[in-house]
Amino acid sequence: MSDRLPPLTALRAFDAAARHMSFAKAAAELNVTPAALSFQIKGLEEYLGAPLFRRLNRAVELTEAGHALAPGAAEGFDALRRAWLATRRALDTRTLTVTAGPAFTAKWLAPRLFDFAQAHPDVELRFSATLRLMDFDRDDVDVAIRFGMGGDDRDLYSRVLVREWLTPMVPPRLAEGLKTPADLLKLHLLEDGNLDFVDPPCNWATWFTAMGVPNPPEVKPQFSQADHAIDAAETGGGVVLGRASLTAKALQEGRLVIPFPTAITTEAHYRVLCTQEASEKPQVKAFLSWLFDHVEEITALDHGMTFVDSADVKT
């Protein structure tokens with residue numbers, strides 16, 4: 001038996017068939033006919049000197065030799081794919097792919113994209129609005145903006161973008177009759193479930209307790225996305241415990257106001273992540289510079305606010 005590797009196309013055909021356990025599905029993935037794929041695998045079996053699949057009536061299954069080869073083949077093609085993506089990204093100085101959560105994308109990034117596009121017409125900017133964990137080696141992403149308590153960012157470029165605080169926000173017409181924090185109890189209290197992971201809690205009970213309102217109500221989140229809760233408040237649906245990062249534009253434009261300038265702070269924050277190599281690319285440098293310049297409009301909202309650490313509030 002030769003130690004030389006068989007043809008790459010034959011190994012690729014085997015890998016696809018082993019993943020799908022179907023010659024037809026593997027052929028569709030590789031855009032070849034089932035007969036052509038079967039011919040490739042037959043040639044691989046002849047090269048090996050042993051069958052890799054048992055051909056059943058309407059299915060196939062791996063032989064012992066097939067089971068031995070499948071994990072290494074899958075790992076090898078995955079390594080090739082990652083190496084190809086890394087090489088392509090290293091040579092690409094125009095395309096920039098950024099991922100952020102749906103709420104942050106809708107309420108902060110998307111409304112400001114035109115400004116970045118005007119300042120950097122040579123950069124082709126792409127966005128992926130998702131909360132999915134990213135693997136920079138596997139996913140075609142240059143920069144990730146993530147919200148949370150922090151994580152294992154070793155070997156990555158990682159920088160805090162903005163720290164979060166929350167306070168009640170209402171449209172101006174609902175703010176007119178609010179004299180004390182307890183008056184908010186007359187309105188529909190809106191809350192999203194995106195902060196359920198924060199410990200200590202950062203919710204309506206925390207804010208009312210910080211303001212000295214006895215027996216604060218337990219409010220169950222009505223929204224799975226923070227931007228939906230904000231939209232409901234803007235249209236007069238109630239008062240939202242709004243996050244500064246997501247409401248900066250609504251506050252600046254007067255669609256929402258802060259009736260009582262006391263906010264609760266949390267250790268949760270936004271951070272920007274990318275590989276160390278990506279942080280040196282010209283389009284990434286340009287985006288990061290633009291991002292940190294513009295995020296100052298969120299920190300500008302701190303002026304005139306009183307902050308209470310959620311860890312100091314006993315509910």
Practice problem: Measure the CH2-OG distance between W165 and S310 for me, rounded to the nearest 0.5 Å. | Solution: 14.5 Å
Quiz item: Taking atom SG of C274 and atom CD1 of I145, what is their separation to the nearest 0.5 Å?
Solution: 10.5 Å
Quiz item: Does T63 use its side chain to pair, donor to acceptor, with the backbone of L52 at less than 3.5 Å?
Solution: yes
Self-check item: Nearest-0.5 Å distance that lies between atom CG in L37 and atom NZ in K42
Solution: 13.5 Å
Self-check item: Aromatic ring proximity F104/Y270, centre distance under 6.0 Å
Solution: yes
Exercise. Could you tell me whether E75 and R81 have a side-chain N and a carboxylate O separated by less than 4.0 Å?
Key: no
Self-check item: For the student: nearest non-hydrogen atoms of A248 and E297, plus distance
Solution: CB-OE2, 4.5 Å
Quiz item: Should we say atom CZ of F39 is surrounded by more than 12 heavy atoms from elsewhere, each under 6.0 Å from it?
Solution: no
Quiz item: Going through the checks in order, is the side chain to side chain contact (heavy atoms under 4.5 Å, CB included) test met by N215 and F208?
Solution: CA-CA 9 Å; N215 303 315; F208 277 121; over 6 Å; no
Quiz item: Hey, does Y157 have a side-chain heavy atom less than 4.5 Å from the side chain of E277?
Solution: no
Exercise. For R55 and E45, run salt bridge (Lys or Arg N to Asp or Glu O under 4.0 Å): C-alpha distance rounded to whole Å, both residues' side-chain angles, the deciding distance at 0.1 Å, then the answer.
Key: CA-CA 13 Å; R55 279 77 166 171; E45 290 174 325; 2.8 Å; yes
Quiz item: Step by step, would you call K281 with D142 a salt bridge (Lys or Arg N to Asp or Glu O under 4.0 Å)?
Solution: CA-CA 10 Å; K281 295 173 68 173; D142 298 296; 3.7 Å; yes
Self-check item: Residues, nucleotides or ligands: over 12 heavy atoms within 6.0 Å of D135 CG
Solution: yes
Exercise. Identify the two heavy atoms, one from G236 and one from L174, that lie closest to each other, and give their separation to 0.1 Å.
Key: O-CD1, 4.2 Å
Self-check item: Matching residue for S245 among H269, E164, R163, K107 - test: side chain to side chain donor-acceptor pair (under 3.5 Å)
Solution: E164
Practice problem: Keeping the roles fixed (side chain from T235, backbone from D231), state whether a donor-acceptor pair exists under 3.5 Å. | Solution: yes
Exercise. May I ask you to test the V170-L256 pair for a side-chain heavy-atom distance under 4.5 Å?
Key: no
Quiz item: Are more than 12 heavy atoms from other residues, nucleotides or ligands located less than 6.0 Å from atom CZ of F114?
Solution: no
Quiz item: Closest approach of L44 and A10, non-hydrogen atoms and distance?
Solution: CD2-O, 3.8 Å
Quiz item: Does Q276 use its side chain to pair, donor to acceptor, with the backbone of L156 at less than 3.5 Å?
Solution: yes
Quiz item: Would L273 end up clustered with V141 when hydrophobic side chains under 4.5 Å apart are linked, directly or stepwise?
Solution: yes
Quiz item: When you look at CG of D155, are more than 12 heavy atoms from neighbouring residues, nucleotides or ligands closer to it than 6.0 Å?
Solution: no
Quiz item: Would F127 and T97 satisfy side chain to side chain contact (heavy atoms under 4.5 Å, CB included), going step by step from the backbone distance to the final call?
Solution: CA-CA 6 Å; F127 269 96; T97 303; over 6 Å; no
Quiz item: Are the side chains of L187 and L178 in touch, meaning some heavy atoms are under 4.5 Å apart?
Solution: yes
Quiz item: Given side chains that start at C-beta, do those of F116 and L125 come closer than 4.5 Å, heavy atoms only?
Solution: yes
Quiz item: Would you say L195 and V162 are hydrophobically clustered, going by side-chain heavy atoms of ILVMFWY under 4.5 Å?
Solution: yes
Exercise. State, with a plain yes or no, whether a side-chain heavy atom of L251 is found less than 4.5 Å away from one of M169.
Key: yes
Quiz item: Would you say I41 and L69 are hydrophobically clustered, going by side-chain heavy atoms of ILVMFWY under 4.5 Å?
Solution: yes
Exercise. Would you check if the side chain of R54 reaches a backbone N or O of L62 as a donor-acceptor pair within less than 3.5 Å?
Key: yes
Practice problem: Heavy atoms only: give me the nearest P71-A68 pair and the separation to one decimal. | Solution: CD-O, 3.8 Å
Practice problem: Evaluate side-chain hydrogen bond (donor to acceptor under 3.5 Å, both in side chains) for D115 paired with H294, printing each intermediate quantity in order. | Solution: CA-CA 10 Å; D115 179 81; H294 282 69; 2.9 Å; yes
Exercise. Inspect the contact between E29 and R12 and indicate whether a charged nitrogen and a carboxylate oxygen are less than 4.0 angstrom apart.
Key: no
Quiz prompt | Validation row: L190, V239 side chains within 4.5 angstrom (heavy atoms) | solution = no
Quiz item: Which value, rounded to the nearest 0.5 Å, describes the distance between L48 atom CG and E46 atom CD?
Solution: 11.0 Å
Practice problem: Please lay out, stage by stage, how T9 and Q40 fare under the test side chain to side chain contact (heavy atoms under 4.5 Å, CB included). | Solution: CA-CA 7 Å; T9 52; Q40 290 285 353; 3.5 Å; yes
Practice problem: For N31, look at atom CG and say whether over 12 heavy atoms of other residues, nucleotides or ligands are found less than 6.0 Å away. | Solution: no
Quiz item: Would you say the side-chain atoms of T95 pair up with the backbone N or O of E124, donor to acceptor, closer than 3.5 Å?
Solution: no
Quiz item: F53 vs F14 aromatic rings, parallel, tilted or perpendicular, using cut-offs 30° and 60°?
Solution: tilted
Exercise. Supply the atom-to-atom distance I298 CD1 to L246 CG, rounded to the nearest 0.5 angstrom.
Key: 8.0 Å
Quiz item: Is there a donor-acceptor pair closer than 3.5 Å between any side-chain N or O of E191 and the backbone N or O of L241?
Solution: no
Quiz prompt | Derivation and outcome, side chain to side chain contact (heavy atoms under 4.5 Å, CB included), residues R94 and D122 | solution = CA-CA 6 Å; R94 287 182 52 83; D122 56 322; 4.2 Å; yes
Quiz item: Are D139 and R132 within salt-bridge range, i.e. N to O under 4.0 Å?
Solution: yes
Quiz item: Is there a path from F287 to L161 through hydrophobic residues (I, L, V, M, F, W, Y) whose side chains come within less than 4.5 Å of each other?
Solution: yes
Quiz prompt | Parallel, tilted or perpendicular: ring planes of W204 versus W207, cut at 30 and 60 degrees | solution = perpendicular
Practice problem: Considering only NZ, NE, NH1 and NH2 on the basic side and carboxylate oxygens on the acidic side, decide whether R271 and D153 come within less than 4.0 Å. | Solution: yes
Self-check item: Between D302 and T299, a side-chain donor and acceptor under 3.5 Å
Solution: no
Practice problem: State, to 0.1 Å, how close F197 and M149 come at their nearest heavy-atom pair, and which atoms those are. | Solution: CE1-CG, 3.9 Å
Quiz prompt | Atom pair CD1/OG1 of I230 and T247 - distance to nearest 0.5 Å | solution = 6.0 Å
Quiz item: Is K186 paired with D183 through a side-chain N to carboxylate O contact shorter than 4.0 Å?
Solution: yes
Quiz prompt | S289 (side chain) donor-acceptor with A286 (main chain) under 3.5 angstrom | solution = no
Quiz prompt | CG/L56: more than 12 non-hydrogen atoms of other groups inside 6.0 Å | solution = yes
Quiz item: If every non-hydrogen atom of F23 is compared with every non-hydrogen atom of V60, which pair is closest and at what distance?
Solution: CE1-CG1, 4.1 Å
Practice problem: Answer yes or no: does atom CD of E218 have more than 12 heavy-atom neighbours from other residues, nucleotides or ligands under 6.0 Å? | Solution: no
Quiz prompt | F223 side chain near N194 side chain, heavy-atom distance below 4.5 Å | solution = no
Self-check item: Minimum side-chain heavy-atom gap V272-R146 below 4.5 Å
Solution: no
Exercise. Please check if atom CD in E267 has more than 12 non-hydrogen atoms from other residues, nucleotides or ligands closer than 6.0 Å.
Key: no
Quiz item: Do V143 and F136 belong together in a cluster built from hydrophobic side chains that touch within less than 4.5 Å?
Solution: no
